[in-house]
Structure formats: C-alpha cells, structure tokens
Amino acid sequence: MNKYKAEIRLFEKWSFDDLEVNDPGLKKYVCLDPVLIPTSGGRHEHRRFKKSEVNIAERLVNMLMRPGRAGGKKARAINFVKNAFEIINLRSGKNPLEILVKAVENAAPSEETTRISYGGVVYHISVDISAQRRVDLALRFISNGAREASLNNPKTIEECLADELLYAAARDPKSYAVQKRDETERVALASR
C-alpha cells in the first residue's frame, strides 16, 4: 500500500484487509470491495446479477430497509448497522465484517424444496440452491431475526442485530437465521 494513499475502511473504522470467504460456492457472490459508507445509489438495480458486486454490508443495510421500522430509510438503516458493528466489536474484539461474512456463510441454506405437479398432483422435491439465492436468503434470515427479536422488546434493533450476527457466526442454535437454515434443509432432506 502506498504510504500517501489512505486505506478505505467501512465507517472509517473497519478494514477490509484479510477478509476471506471460506465457502467456495459463495466466494463470487459475497463482495468485499472496500467502501467508506455502504451506499451505491442503486447503480446495480437494473442489471442481472449486478447485486453480487454490491458490498455485503450494503446488502445487509438494504435488507434492513424492508417495510416496517426502517422501511425505505437508508440513513437510518446505515446507522443501525454502524451501531451493531460497534456492539459486535465491543463484545467479541473482532472485525465486525469478519463476523458478518461468517454469519452469512453459516446462515445460507444449501437445499430447499420446489413444487412439481404431475397430472394435478403436487409433489415437493428437493433442489440445490444457487449461490446468489443462498446469500439473499442468509441476509433475509439475519435481518428478519433481528427485526423480530426487537419487536415488543426493550432491546434496540442494533443490539438484536449484533446478537443475531454473533450467534449466526458461531452457528449457535439461538440464532433465528441458523434455525431457518436448519429447518429449510430438514424439509428438503425429507423431500428427497
């Protein structure tokens, strides 16, 4: 690295150096390109598979913007993620981006079921999931788990998101995302 060029860090704190995706199937679809603030202005939106080039932290922010508490409010969702990353760093002492990547790997299901009908009779069969959908489902499970945990609870959504990420990174059964992954794969196994 050039000594005159400053390193790009997420929120000017978290480094993207030494981050690695261990799951070979997800390697192409978890983007770890350095960004200062996780917002791309939707430049990926109308092109197929371009969301795989959006930073993983921004994809988490976008999932948190679903209808409800922060529906459509990107600045608010960015602050949720920023504060959750601070909590993760205080609790674990690790880079929160590393925890996020590990959580996505552990929460991504590899099999699900689909419906096939033969002559009016519907069968459920087990199918493999594409890598892009695996990342999407993992981020959806993580954000839904944080949102549901903070509902009617004195804990803030930042604390719940930090808990969810830490549990999912450790593959703890207390994690909503890990529970959903295991349930999806169990149903797929029964449908083979």
Side-chain angles (χ1 to χ4, degrees), residues 9-16 19 21-23 26 29-32 35-40 42 51 54-110 112 129 132-187:
R9 294 169 170 258
L10 182 68
F11 303 124
E12 297 181 354
K13 290 184 178 184
W14 318 117
S15 174
F16 286 91
L19 290 179
V21 181
N22 295 326
D23 189 330
L26 301 181
Y29 296 95
V30 175
C31 178
L32 297 172
V35 293
L36 186 62
I37 297 173
T39 182
S40 63
K51 67 181 172 183
V54 175
N55 188 284
I56 192 70
E58 181 178 355
R59 292 190 66 190
L60 176 64
V61 167
N62 291 343
M63 276 295 172
L64 287 171
M65 284 197 312
R66 304 209 62 183
R69 206 164 167 174
K73 297 175 173 64
K74 188 148 193 171
R76 190 169 184 191
I78 288 172
N79 283 332
F80 289 163
V81 171
K82 184 178 183 180
N83 294 337
F85 279 8
E86 290 286 346
I87 293 168
I88 288 170
N89 186 26
L90 288 173
R91 287 190 190 164
S92 69
K94 293 182 180 176
N95 184 348
L97 289 167
E98 180 184 333
I99 299 288
L100 173 61
V101 169
K102 194 75 177 153
V104 167
E105 288 176 2
N106 289 340
S110 57
E112 66 181 350
I129 305 178
Q132 182 80 59
R133 181 163 167 78
R134 287 181 68 200
V135 174
D136 289 343
L137 286 175
L139 290 170
R140 184 186 311 160
F141 293 161
I142 289 168
S143 65
N144 286 351
R147 194 177 298 111
E148 286 183 18
S150 69
L151 193 66
N152 298 328
N153 191 345
K155 286 172 82 171
T156 63
I157 192 162
E158 292 98 339
E159 293 170 322
C160 293
L161 180 60
D163 288 343
E164 184 65 33
L165 287 170
L166 286 168
Y167 289 149
R171 197 145 166 67
D172 192 320
K174 288 189 247 178
S175 166
Y176 175 87
V178 172
Q179 287 175 4
K180 288 291 282 183
R181 174 206 170 134
D182 292 344
E183 178 187 340
T184 304
E185 290 182 344
R186 181 181 47 77
V187 169

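Predicted model, so just to flag it, every value in this text is computed and none were measured.
- The distance from atom CD1 of Ile56 to atom CG of Leu32, rounded to the nearest 0.5 Å, is 7.5 Å.
- The nearest pair of heavy atoms linking Ala84 to Leu161 is CB-CD2, 3.7 Å.
- Under a cut-off of 6.0 angstrom, the local environment of CG in Leu19 is crowded, with over 12 non-hydrogen atoms contributed by other residues, nucleotides or ligands.
- Once rounded to the nearest 0.5 Å, the distance linking CG of Asp172 with CD of Gln179 reads 9.5 Å.
- Residues Leu10 and Lys82 are not in side-chain contact: their nearest non-hydrogen atoms beyond the backbone lie 4.5 Å or more apart.
- In this structure, the side chains of Val35 and Glu58 stay at 4.5 Å or more apart for every pair of heavy atoms.
- Met63 and Asp136 make their closest contact through CE-O, 3.8 Å (heavy atoms, listed as atom of the first residue, atom of the second, distance).
- Side-chain N or O atoms of Ser143 include one that pairs as donor or acceptor with a backbone N or O of Arg140 at under 3.5 Å.
- In this structure, CG in Leu137 is found 10.5 Å from CD in Gln132, a value given to the nearest 0.5 Å.
- Closest heavy-atom contact between Glu112 and Thr184: CB-CG2, 3.7 Å.
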Point to revise | Pair Phe80-Thr156, side-chain contact (heavy atoms from CB on, under 4.5 Å): steps then yes or no | key: CA-CA 9 Å; Phe80 289 163; Thr156 63; over 6 Å; no
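- The NZ atom of Lys180 sits 8.0 Å away from the CG atom of Asn144 when rounded to the nearest 0.5 Å.
- Counting only distance, with no hydrogens or angles, the side chain of Arg181 and the backbone of Pro109 share no donor-acceptor pair below 3.5 Å.
- Nearest heavy-atom pair, Ala177 versus Ala107, reported as atom, atom and distance to 0.1 Å: CB-CB, 3.6 Å.
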**Study point:** Residues Glu105, Asn22; criterion side-chain contact (heavy atoms from CB on, under 4.5 Å); working and verdict
**Key:** CA-CA 8 Å; Glu105 288 176 2; Asn22 295 326; 3.9 Å; yes
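- With values rounded to the nearest 0.5 angstrom, Ser110 atom OG is found 5.5 Å from Arg134 atom CZ.
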Practice item. Applying side-chain contact (heavy atoms from CB on, under 4.5 Å), run through Arg171 and Asp182 and close with a yes or a no. Key: CA-CA 11 Å; Arg171 197 145 166 67; Asp182 292 344; 3.5 Å; yes
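- When every heavy atom of Val81 is checked against every heavy atom of Leu64, the shortest pair comes out as CG2-CD1, 3.5 Å.
- Between Arg147 and Glu164, no side-chain nitrogen of the basic residue sits less than 4.0 Å from a carboxylate oxygen of the acidic one, so the salt-bridge criterion is not met.
- Residues Val178 and Ala168 share a closest heavy-atom pair of CG2-CA, 3.9 Å.
- Residue Leu100 holds its CG atom at 5.5 Å from CG of Leu60, rounded to the nearest 0.5 Å.
- Under the 3.5 Å distance criterion, the side-chain polar atoms of Arg9 are left unmatched by any main-chain donor or acceptor of Trp14.
- Asn89 places no side-chain N or O within donor-acceptor distance of the main-chain N or O of Phe85, the cut-off being under 3.5 Å.
- At least one donor-acceptor pair closer than 3.5 Å links the side chain of Asn95 to the backbone N or O of Ser15.
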Point to revise | Trace of the side-chain contact (heavy atoms from CB on, under 4.5 Å) decision for Lys102 with Leu165 | key: CA-CA 9 Å; Lys102 194 75 177 153; Leu165 287 170; over 6 Å; no
